[in-house]
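Working notes, beginning with the structure itself.
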Number of protein chains: 2
Amino acid sequence: MNIGDVAERSGLPPKTIRYYEDIGLIRPGRSANGYRAFRENDLHKLAFIGRARTLGFTIEECRTLLDLYEDENRESAVVKRIAEDHLARIDEKIAQLKSMRATLAELVAACHGDSRPDCPIIEDLGRGGRPDDPA
Amino acid sequence: MNIGDVAERSGLPPKTIRYYEDIGLIRPGRSANGYRAFRENDLHKLAFIGRARTLGFTIEECRTLLDLYEDENRESAVVKRIAEDHLARIDEKIAQLKSMRATLAELVAACHGDSRPDCPIIEDLGRGGRPDDPA
DNA sequence: CTTGACCCTCCAGTGACTGGAAGCATTACC
DNA sequence: GGTAATGCTTCCAGTCACTGGAGGGTCAAG
């Protein structure tokens, strides 16, 4: 298989696949003409990585997970721990975004959004986010 | 004020403040010794940027917001629209993360996490995320 | 007078790609 | 058989928003 076929079948752009080879996630062979020659196994790995990436795992986690994928004697506990850590990070990010969202939504709701210059959003930013002190 | 004072009062690291000057967000003067000389106005701007960044606005949005901050004749509608766009982006990200989280939580729950190698997490990744077909 | 804290600039690296240029290889079509 | 369009190759640079570090000047205290 050439890179184009693998790209189509794995859903990853050729550029990304080359990048994954660069950083050592896969090692396709080479044809006589210098083209990368992918085997089914490479395709499986790429699909694996693609899936892991859509679940938000970092490349380094993907590397570890790939090793575990190939390791017949892996302990599922190791895999589970990586996933749990990642889950915790996701929860943190969600919490952060929700907090941002809440503040921002309040400000947006308070802004009349017309042609006049006064604007609670700008005022909040200008106060550095400290609560308003109308005294 | 030297950069250290401004860093402390704005909560931004000196490196970041220098970077903000580099990209033209602020323009502090210079003392005879070559040190940056910040005025109160610079500090206000930095606090403004810092706040906007914690709310997740990009640097380019900060630039625009700063312009609006300084513009006595701004229309609050313009500000509101930027904030609304940003809000929509945040909502998108939250949705994405929640979807990741849901899938990942299922997999984690299904993994017994002991010394045996069989693991629903690895299996999902290996299938590229396609639903299991036990037939 | 030296020590240490502070400041300066410039370069390089982060993560995970992505875009583009320059140049072979192959394939499709007439 | 020629030629034009793909497709493949490598390498360099850019993205975003910083961050780390080297190498060196400046300033206040003891």
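Naming convention: chains lettered A, B, ... in sequence-line order (proteins, then strands); numbering from 1 in each chain.
- Straight-line distance from the OH atom of B/Tyr20 to the P atom of D/dC16: 14 Å, rounded to whole Å.
- Counting to the nearest Å, the P atom of C/dC17 and the CG atom of A/Leu12 are 8 Å from each other.
- If you measure from atom CD1 of B/Ile3 to atom C1' of D/dT26, you get 15 Å, rounded to the nearest angstrom.
- Protein atom CZ of A/Arg30 is 14 Å distant from nucleotide atom C1' of D/dG7, rounded to whole Å.
- Between B/Asp5 atom CG and D/dA28 atom P there is a gap of 12 Å when expressed in whole angstrom units.
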Worked check of side chain to side chain contact (heavy atoms under 4.5 Å, CB included) between A/Asp124 and A/Asp132: CA-CA 8 Å; A/Asp124 174 282; A/Asp132 202 356; over 6 Å; no
Provide a list of protein-nucleic acid N or O atom pairs under 3.5 angstrom, restricted to nucleotides 21-23 of chain D.
| unit_1 | atom_1 | unit_2 | atom_2 | d |
| --- | --- | --- | --- | --- |
| D/dG21 | O6 | B/Lys15 | NZ | 2.2 |

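- Side chain of B/Arg127 to backbone of B/Arg130: a donor-acceptor contact under 3.5 angstrom is found.
- Closest to the side chain of B/Asn33, out of D/dT9, D/dC27, C/dT18, is D/dC27.
- Within 6.0 Å of CZ in A/Arg27 there are 12 or fewer heavy atoms belonging to other residues, nucleotides or ligands.
- Rounded to whole Å, the distance from CZ on A/Arg63 to P on C/dG15 is 11 Å.
- Heavy atoms of other residues, nucleotides or ligands lying less than 6.0 angstrom from CD of B/Glu106 number 12 at most.
- A distance-only check finds no donor-acceptor pair linking the side chain of B/Arg36 to the backbone of B/Ile3 [under 3.5 Å].
- Of the candidates D/dC8, D/dA17, C/dT18, the closest approach to any side-chain atom of A/Asn2 belongs to D/dC8.
- A/Ile59 has its CD1 atom 17 Å from the C1' atom of C/dG13, to the nearest Å.
- Between B/Tyr19 and the phosphate of D/dC16, there is no side-chain N or O to OP1/OP2 separation shorter than 4.0 Å.
- As a whole-Å value, the separation of B/Asp22 CG from D/dT19 P is 14 Å.
- With A/Ser76 as the fixed residue, the side-chain contact (heavy atoms from CB on, under 4.5 Å) test singles out one of B/Cys111, B/Pro120, B/Pro117: B/Cys111.
- Applying a 4.0 Å cut-off to non-hydrogen atoms, the residues of residues 34-48 of chain A that approach DNA chain C are A/Tyr35, listed by residue number.
- No option in A/Asp5, A/Leu43, A/Ile26 other than A/Ile26 meets the side-chain contact (heavy atoms from CB on, under 4.5 Å) test with A/Phe38.
- Considering only side-chain N and O atoms, A/Thr16 lies under 4.0 angstrom from the phosphate OP1 or OP2 of C/dT18.
- Side chain of A/His112 to main chain of A/Asp118: a donor-acceptor pair is present (N/O by atom type, distance under 3.5 Å, no hydrogens or angles).
- Contacts of A/Pro13 with the nucleic acid, taken as non-hydrogen atoms under 4.0 Å apart, involve only primed sugar atoms and P, OP1 or OP2.
- For A/Arg18 and D/dC11, the shortest distance from a side-chain N or O to OP1 or OP2 is not below 4.0 Å.
- More than 12 heavy-atom neighbours from other residues, nucleotides or ligands sit within 6.0 angstrom of CD on B/Glu70.
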